[in-house]
Amino acid sequence: MELQTATGRVVLTGKQGALLTILLLSANRVVSVQRVAESLWGEPLPSSPSSRVRMLISDLRKTCIAAGDDLIRTQRPGYVMRLVPDQLDLARYLDRVAQARKAAAGGDLETAVSCYDEALSLWHGAPLLGIDGSFVQAEAARLEELRLEAVEERSSAMLAMGRYAEAVTGLTAVIADHPLREAAHGQLMLALHQSGRRADALAVYRRLRERITEELGLEPERELQRLHQRILTSDTALEPSDTALEDTALDPSDITPEPPRHQSRHQPRPVVSPVPRQLPAPPPHFVGRERERAELDRLTRDPTTNSTAIAAISGTGGMGKTSLALHWAHDNIGLFPDGQLYVNLHGFDPSNGPLPAHVALRHFLGSLGVPAAAIPAGEQAQAGLYRSLVAGRRLLVVLDNARDVAQVEPLLPGSPGCIVVITSRNHLPGLNATRGASLIGLNALTCAETRRLLGRHLGESRIGADPDSVAVLVEHSGGLPLAISVLTARAAMHPGFPLSVLAEELSSPSTRLDALHTGDLNTDLRAAFTASYEALDAATARLFTLLGLAPWPDISLRSAAAVAGLPASRTRVLLHDLEAANLIHQHRPGRYRTHDLLRLYAAERAQSDRPDHERMEALTRLVDSYVHTACAGDRLLYPHRPLASRIFPEGSQDEFEDAASAWAWFEDEQSSLIAVQQLAVRLGMDAAVWRLAWAMDTYHKRCQHEMRIESWQTALAAAERLGHSSTRAFVHWYLGYTYAQAHRADDGLEHLMLAFKLFEQEEDLAGQAHTSHTLGFAWLARGEPEDALPHVENALRLQRELRDHLWEANALSAVGWCHAKLGHYPEARSYCEQALELFQKYEDLNGESATLDSLGYIAHWARQHDQALGYYGRCLELRDRLGNAYQGADTLVRIGDVQHEMGRPTAARDAWQRALDLYHKQHRAAEAENVQEKIRRLAKRPSAAAGPSGPAAPADR
């Protein structure tokens, strides 16, 4: 280890070199005496390790001072080496790599390669060569991984620039030292292939496969196999990007099946009455709680209850409420053959507050098979539908981490058969008064139970070997199962270390709770979290703290990588380390969740351990990642969305395989997206605020999402702060559209008129055209087609001037619909026939089906019944091909109306019954009641005629 100052250079070896290395690797962070001792000597520690560390620090400090710089400071509970970034080669290296990545992301590959070269020039031989200590192997591997990442990224840039021969030279050296590194092999194969050395490229793959098969019993990764196949077949379309190996390992159960060709990926699927199995796995170790389990058992056997049985488990955070609920639930799972529902209500979330009941209801309804588009908008209607679906079922509902009675009340079933288990830090006595709930208070584990729990975690032989240290752990854990879990996870990471190491840290005032027995949970657990946190290596600790900044508890691998500013492969490794330390939980593949208190602690450490600029950069990356991904997903959900290129220019959309996967991402990330928009507001990222509103709008519209208006209101405030007329016009347009669709046409018209004026000032013809189109829809929503007609006619004129033929077709359809509503049937038919011709020419099946529906309506009102049935029949065929059963049900109603008016009661009843069956499956109660009434009237008066009900306005299609 070399220390170079302004006045001299000193080479340090032995324990001094190791000590200097430890402090440098944690530069500007306090390293405890205990951690220094563990890193220097490992197991067993020498006698009086603290004294030995102090002597070594004293000697090293003297050496540094003699070399001209006093770098080491004493700071409890240990020491810190204060450096500015340029003083440490590793910091300079990371800075140059960051510059290289930024240049590469901006397309400046020459600068990127230059920065990579400058960074790699700072390496001199193998990392930590000649340094001795228990920490060396892991740290050397981490540092070598940093170097290899830069080498591979540099090679990617060189491949993109066509510098294949140079790439071959560097990559050959990498695989010589790392013969199982698949990413480098893939790059080398491509470089050789592009250099005309196809046989050599194939030989590289053959040698790698033989080695992997022989040493690991595995096959190369799928992407590498595909690259080999393409080289084998002399694929001339190979590009440098083809060497990127996928990191995402999907469980087959998480892959959304490709929908049938006749089924639209944009429309909700019919309800299939699933049996939900949502219980998370319980923690593996559990002791005690016999009294509480007996009370839960009593609920299931009580024959006197004529309503839902409810148990409310209360206790302070970390007391094991969720563990009790899940263990009991899994032990009695046979009592609930109709399924188990689970939701974490985040009642004490320090960042975002409790989960609203309507969000939990949407989750439950979706789990019970209700399509997103069929979920009612209001909380009361959602609760009613939920109670209807669970009535008569033998179902378990677990409401975890509830705030108060008001939060859980809408989530309680209303009929016997269901069992509800609630956990909360509050006692919730109101549930006992109003619903007869059994209140189960949870206290700390006894000393005997705590010792048993330690034995379950660590094994009886290990705790029996050191009873004095075990007594300290029992005393200072406070009987909190979460604290015990964190402590024993750290002990399990070092199975060879004596338990006295943990006991000494908990006994020390510098690492123990400031007020251990105050009952303040944040204080109670801080020491346990600190002990686990300080056992992490620097990279894992950094990720842990940055994840604490995220404003929601559930995060994907993609988002975690964005926060960290690291590749997904490296982030996955770090997340695995956090899982091993019980600091994060992967509750399903690729998604991670942190306990509320651990998140609070992580945020505290981020404030103390990460500089302001690093925290800001992490959050900015997170917001940017969500904006980019959401815009790409929306492009798949709505390919012909007007003016989309202004928001998200054409570019890479490889985030999703298809529209179905994009929809699934929006379903998973909805609460996160709302939180990201609010985070962007706090960060002053106003452009991201309104772009997120735009990217969420298609999903919100199709789900009738209650947050749609609020999202655009937030966007409008951001647009006003930005002050750009074009942006303000855009947001006013969409907010007005949203209001009109929410049956607030007057509010919508106000914003739409303002949007039109702003587009007019900007001389933006496309903006004027689309706003005119939406103004027509808003006036139609008010039931005033005579006021709508001039606006849609103006939209048609402008679209023709712009030569946008697809939106010309939409405008023609809208003009035709307005004439139809005014009773001008010949004009209406003419416009709709022109629209139909364009939709067919440009193969827009949705537009074609909507226009056929309008033509059917026009023919019906003109008493041309045969033509009406012809149009409606063709419309229904297209909607069947598209899988659009949602609007197909409406078309069936209108077919029944025509058949009835023609005096064909049997055919009318058949069409209405088919529509009724679909409405029931789609949980569209109002529409179902309307059709049911038609069928009832038909049974009483077979000759009664029914007038056409009409489709939705084409302006909204």
Which distance, rounded to the nearest 0.5 Å, do you find between the CH2 of W663 and the CG of D634? 10.5 Å
Would E152 and S155 count as having a side-chain donor-acceptor pair, cut-off 3.5 Å? no
Working to the nearest 0.5 Å, report the span between CG of L19 and OH of Y79. 9.0 Å
Taking every heavy atom of A688 against every heavy atom of V623, the minimum-distance pair comes out as CB-CG1, 3.7 Å
Pair T540, D537: side-chain N/O donor-acceptor within cut-off below 3.5 Å: yes
Throw together a table of side-chain donor-acceptor distances under 3.5 angstrom for residues 94-107, partners on residues two or more places apart or in other chains.
| from | atom 1 | to | atom 2 | distance (Å) |
| --- | --- | --- | --- | --- |
| D95 | OD2 | Q99 | NE2 | 2.8 |
| R96 | NE | E118 | OE2 | 3.0 |
| R101 | NE | E153 | OE1 | 2.9 |
| R101 | NE | E153 | OE2 | 3.3 |
| R101 | NH2 | E153 | OE1 | 3.4 |
| R101 | NH2 | E153 | OE2 | 2.9 |

Counting distance only, does the side-chain N/O of R154 pair as donor-acceptor with the main-chain N or O of V113 below 3.5 Å? no
Nearest heavy-atom neighbours spanning A603 and G548: CB-O, 3.6 Å
To the nearest 0.5 angstrom, please state how far the OG1 atom of T545 sits from the CZ atom of R610. 4.0 Å
The side-chain contact (heavy atoms from CB on, under 4.5 Å) partner of L171 among L192, L188, V204 is L188
When you compare the side chain of T594 with that of I555, does any pair of heavy atoms fall below 4.5 Å? no
Any donor and acceptor pair, going by atom type alone, linking the side chain of Q229 with main-chain N or O of T233 inside 3.5 Å? no
Within a strict 4.5 Å, meaning less than it, do heavy atoms of the L673 and F666 side chains meet? yes
Should the ring pair Y601 and F544 be called parallel, tilted or perpendicular, given that the plane angle runs from 0 to 90° and is split at 30 and 60? tilted
Check ion pair D89-R92 (N to O, under 4.0 angstrom): yes
Test side chain to side chain contact (heavy atoms under 4.5 Å, CB included) on W123 and L143 and set out the steps. CA-CA 10 Å; W123 290 81; L143 294 171; 4.0 Å; yes
W552 vs V676 side-chain heavy atoms within contact, under 4.5 Å: yes
Check whether NZ of the Lys or CZ of the Arg R558 lies under 6.0 Å from the centre of the six-membered ring of F656 and within 45 degrees of that ring's axis. yes
Around R181, counting heavy atoms of other residues, nucleotides and ligands shown, do more than 12 lie under 6.0 Å from its CZ? yes
Quick one: are L40 and L56 in side-chain contact, heavy atoms under 4.5 Å? yes
I'd like to know if the side chain of S26 reaches the main chain of R29, judged simply by a donor and an acceptor atom lying under 3.5 Å from each other, with no hydrogens or angles considered. no
Counting only N and O atoms by type, is there a donor-acceptor contact under 3.5 Å from the side chain of S608 to the main-chain atoms of R605? yes
Looking only at atom types and distance, does a side-chain atom of S625 sit under 3.5 Å from a main-chain N or O of R621, one as donor and one as acceptor? no
Spatial distance of atom CD1 (I175) from atom CG (L208) [nearest 0.5 Å]: 8.0 Å
How are the rings of W665 and Y626 set relative to one another: parallel (under 30°), tilted (30 to 60°) or perpendicular (over 60°)? tilted
Under 3.5 Å, is there a donor-acceptor pair between the side chain of T213 and the main chain of E210? no
Short side-chain to backbone donor-acceptor contact, R615 and L546, under 3.5 Å: no
Apply side chain to side chain contact (heavy atoms under 4.5 Å, CB included) to the pair Y93 and L120, showing each step before the final yes or no. CA-CA 7 Å; Y93 169 81; L120 291 168; 4.3 Å; yes
Has the side chain of S195 got a donor or acceptor atom that lies under 3.5 Å from a matching backbone atom of A191? yes
Identify the two heavy atoms, one from P220 and one from Q225, that lie closest to each other, and give their separation to 0.1 Å. O-NE2, 2.5 Å
Can you see whether S556 engages S559 through a side-chain donor-acceptor pair at a distance of less than 3.5 angstrom? yes
What's the shortest heavy-atom distance between A618 and V563, and which atoms? CB-O, 3.4 Å
Nearest heavy-atom contact between A184 and V174 is CB-CG1, 3.8 Å
Going by heavy atoms in the side chains, are L180 and I212 under 4.5 Å from each other? yes
If you define the side chain from C-beta out and look only at heavy atoms, does anything of L224 sit under 4.5 Å from M189? yes
One should read off an interatomic distance between R73 CZ and L23 CG, to the nearest 0.5 angstrom, of 12.5 Å
Please answer whether the main-chain N or O of A550 pairs with a side-chain N or O of R599 as donor and acceptor at a distance below 3.5 Å. yes
Name all residues meeting the salt bridge (Lys or Arg N to Asp or Glu O under 4.0 Å) criterion together with D554; count only those two or more places apart in sequence or in a different chain, and write none if there are none. R591, R593
I'd like to know if the side chain of E182 reaches the main chain of E221, judged simply by a donor and an acceptor atom lying under 3.5 Å from each other, with no hydrogens or angles considered. yes
Taking all atoms of both residues into account, what is the closest heavy-atom pair of H185 and P179, and its distance? CE1-O, 3.2 Å
Heavy atoms, side chains only, cut-off 4.5 Å: are L148 and D177 in contact? no
Begin from the C-alpha positions of M81 and N28 and carry the test side chain to side chain contact (heavy atoms under 4.5 Å, CB included) through to its verdict. CA-CA 6 Å; M81 180 165 279; N28 301 314; over 6 Å; no
Does a side-chain heavy-atom distance below 4.5 Å link R197 with V168? yes
Mind running side chain to side chain contact (heavy atoms under 4.5 Å, CB included) on Y164 and M158 for me, showing each step along the way? CA-CA 7 Å; Y164 304 121; M158 296 179 71; over 6 Å; no
Are any of the side-chain nitrogens in R147 or E144 under 4.0 Å away from the carboxylate oxygens of its partner? yes
For the pair R163 and E166, evaluate salt bridge (charged side-chain N to carboxylate O under 4.0 Å, His left out) and give the outcome as yes or no after the intermediate values. CA-CA 6 Å; R163 294 163 60 177; E166 295 175 67; 2.9 Å; yes
Between NE2 of H585 and CG of L578, what distance do you get to the nearest 0.5 Å? 14.0 Å
